[in-house]
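Take a look at the structure below.
Only a predicted model underlies this, so the values are computations on that prediction, with no experimental measurement involved. We name chains A, B, ... by the order of the sequence lines, and we start the count at 1 in each one.
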Number of protein chains: 2
Amino acid sequence: MRSRTSARAQITDVAARARVSPATVSRVMNGHASVAADLVERVLSAADELGYRASPVARSLVLGRTQTIAVMVPDMANPSFQEVLRGITRAAAADGYRVLVADSQEDVTQEPGLAREARRHCDALVLCAPRMSDAELAALVPALAPVVLTHRGPTPGVPTSSADYRGGIAALLDHLAGLGHRRLVYLAGPPSSASHRRRLEGIAAHVADHPGLSVDVLPCGVGFEEGYAAGEAVRRSGATAALAFNDLVAMGLLSALHEAGVAVPEEVSVTGFDDIPFARWTTPPLTTAAVPHGDLGQEAWRRLRALLDGEEPPPDVLVHPEVQVRASTGPARAEGAA
Amino acid sequence: MRSRTSARAQITDVAARARVSPATVSRVMNGHASVAADLVERVLSAADELGYRASPVARSLVLGRTQTIAVMVPDMANPSFQEVLRGITRAAAADGYRVLVADSQEDVTQEPGLAREARRHCDALVLCAPRMSDAELAALVPALAPVVLTHRGPTPGVPTSSADYRGGIAALLDHLAGLGHRRLVYLAGPPSSASHRRRLEGIAAHVADHPGLSVDVLPCGVGFEEGYAAGEAVRRSGATAALAFNDLVAMGLLSALHEAGVAVPEEVSVTGFDDIPFARWTTPPLTTAAVPHGDLGQEAWRRLRALLDGEEPPPDVLVHPEVQVRASTGPARAEGAA
DNA sequence: CCTTCCCGTGAAATCGCTTTCTCGCAACGA
DNA sequence: TCGTTGCGAGAAAGCGATTTCACGGGAAGG
């Protein structure tokens, strides 16, 4: 009943078989202290024969750490969150940490609760919370530490790994302006989105600096459908170029434009944001501001690890999106040729 | 040092504050046995004041279960795995289970080790292992139980939640044949892929049943790049329609064809497989065999839950992909008009 | 040759909770 | 009125590891 191989071998089984105490087995298994060579040998072979592996749960209890972190995302189906998740998972795995996923299913109201809950089961948390209000976030963060943020600009007191959305949209604007576009539309993200507000700032600043340039803001959203639905409005706007909140929206818009027989980029140029893997494969391939979400995930992990190790985390990451020029943008059509 | 709010409140703190024993606190918190109403009240308010929540790790140790499952996927970036993961995560969350992700990074050789490792940290496992050999799988499964499989046909002794790839490709073939296509090409997945072999079977059976129909098999792969690279071969093949291993490959092919000036579907029809969300938004929108991966994930969870509850799991799921007819397929061009 | 120090090992405490097991008390029947 | 019965609450025994503490023996030093 005890040394049966039916149940998993325990440390006492190994100890008995190696004729040593559990303490010694523990020491050997963890490479601690110095144990006589022959005992090490005995323990190791006993452990091997029994297929012994220490119970992670028991270790967690006594050690006070689980070697696990959680990542909360609003929607696992969105490639940009998914890439961050993937980046974190791989980086953490390389350091022997596992990751727990928490999907808030786009319901911002239950994100704080979910985050707290997720946090209780592990050692640290990565929060992808682009929509949570600053106030709520500030209230939540202390209860979550150690924690790092992504998909949201720098926040006091919390290591962050994010992109310069403001600079990214400005770069896109430069690109478009360079092609002769003067009347643009921006397909806006959700008003509550922090990164959307950064884009708005970037647009405002750019317009202020460049007389003769106008950017209409069209309420839109974050997905294909919304981009598709905005097709009509974009056409009516008379703009020669449209900047979508993200690549998904851009793809929806591309579809709508194609169906309506509007040539891209000859009649209207379209840009996305994020440079998800799919962006390269649209027709025409999408010009977009590349945000290396995988790297952001990796950087988020570096900061978390520092926090876990009691070290000072590296300074915030703020990657500057680079414009990936592809075929969805081109010279502005002649004025009044709409 | 003890009742300080610095550290998390423990069960003894609550017990002390409510002037009862830890046993009673435990009973109240878990709604066990009958406890006098006034004690319940005292315990509840004490717990509330202290913000007490039982340590999941300690509970796991004594209860012998973690309320966590793991999901192993070959690549989190692939939408079809990602959808399954998402489906499982949501379904499991609804039942109070958390999910741990294990990403094998497409390295089949380390999947067995990774699966075992992941399994040790939780109560059960979902294996998305389309490429692992049957032999390896059979050897691995006993060590992993409870476990359920997805992305792979029914396997003896293991509950499975998968799609009828064979039937799916046949349905696509029917659709194409109905449009007058006689010379087709199949852009093959990796030879080690179980679902690829099912497709091959489906093709062979269909060809045998329909004289005059020919399907060339072109080695290809699973991603955009491979589909793109196959563009040239598809054109040279003289086929009037191409069936891609999955939607990603189809998108790559669509790009290549577009660049080469080949009209889709006028000159060549293209089909995908999976019906990932992006398929609706390609240009032209992709005709594909729809596999409801989210539902598959949910069904995988149902089986796992039954296993966890010591019940008999529901019979294997084998969803029959439905052809989503969109604009990438059309009547075959006239013979010899290539 | 004897004392002291050091080092390797085992016994026991601990992590925070759940769950018997045990005990005391009130209610019930004779 | 006294012995059972039943029920609610606490004491204590785990769950399976790690780690402090104490101890015994061999090497080094006087």
Counterpart residues, side chain to side chain contact (heavy atoms under 4.5 Å, CB included), relative to A:Ala23 (two or more places apart): A:Ser21, A:Arg27
Are A:Arg19 and A:Asp38 ion-paired here, with the side-chain N under 4.0 Å from a carboxylate O? no
Under 4.0 Å from a heavy atom of chain B: give me the 5'-most and 3'-most nucleotides of DNA chain D that qualify. D:dG8 to D:dG16
Identify whether any heavy atom of B:Ser26 sits under 4.0 Å from a base atom; if not, whether one sits that close to sugar-phosphate; answer base, sugar-phosphate or nothing. base
Please round to the nearest 0.5 Å and tell me the distance separating atom CE of B:Met132 and atom OG of B:Ser192. 11.0 Å
Walking DNA chain C from its 5' end, the first of B:Leu61 and B:Thr24 to be reached, judged by nearest nucleotide, is B:Leu61
What bend angle does the helix from C:dC1-D:dG30 to C:dA30-D:dT1 show across its length, from five-pair end axes and to the nearest 10 degrees? 60°
By the 4.0 Å heavy-atom rule, please label B:Val57 as base, sugar-phosphate, or nothing. nothing
Which part of the nucleic acid, if any, lies within contact of A:Val35, taking any heavy atom under 4.0 Å across all strands shown: a base, the sugar-phosphate backbone alone, or nothing? sugar-phosphate
Check B:Arg98 with B:Asp123, please: is the shortest side-chain N to carboxylate O separation under 4.0 Å? no
Residues B:Arg86, B:Glu83: salt bridge by 4.0 Å N-O rule: no
At 4.0 Å (heavy atoms only), tell me whether B:Ala23 reaches a base, stays on the sugar-phosphate, or touches nothing. base
By ring-ring contact (aromatic ring centres under 6.0 Å, His included), B:His293 pairs with (sequence neighbours left out) B:His151
On DNA chain D, does the nearest nucleotide to B:Val62 precede the nearest nucleotide to B:Arg27 from the 5' side, or the other way round? Give the residue. B:Arg27
Using heavy atoms to find the nearest nucleotide of DNA chain D for B:Ala58 and B:Ser21 separately, return the residue whose nucleotide is more 5′. B:Ser21
When we call it a touch if two heavy atoms are under 4.0 Å apart, what does A:Val25 touch: a base, just sugar-phosphate, or nothing? nothing
Does a side-chain N-to-carboxylate-O contact under 4.0 Å join B:Arg90 and A:Asp75? yes
So OG1 of A:Thr12 and OH of A:Tyr52: to nearest 0.5 Å the spacing works out to 8.5 Å
Short question: side chain of B:Asn78, backbone of B:Ser80 - any donor-acceptor pair under 3.5 Å? yes
What I want to check is whether the side chains of B:Arg8 and B:Gln10 have a donor and an acceptor closer together than 3.5 Å. no
Residues which pass side chain to side chain contact (heavy atoms under 4.5 Å, CB included) with B:Pro292, listed by chain and number, not counting sequence neighbours: B:Asp295, B:Val319
What is the 5' to 3' range of DNA chain C, first to last nucleotide, that sits under 4.0 Å from any heavy atom of chain B? C:dG16 to C:dT20
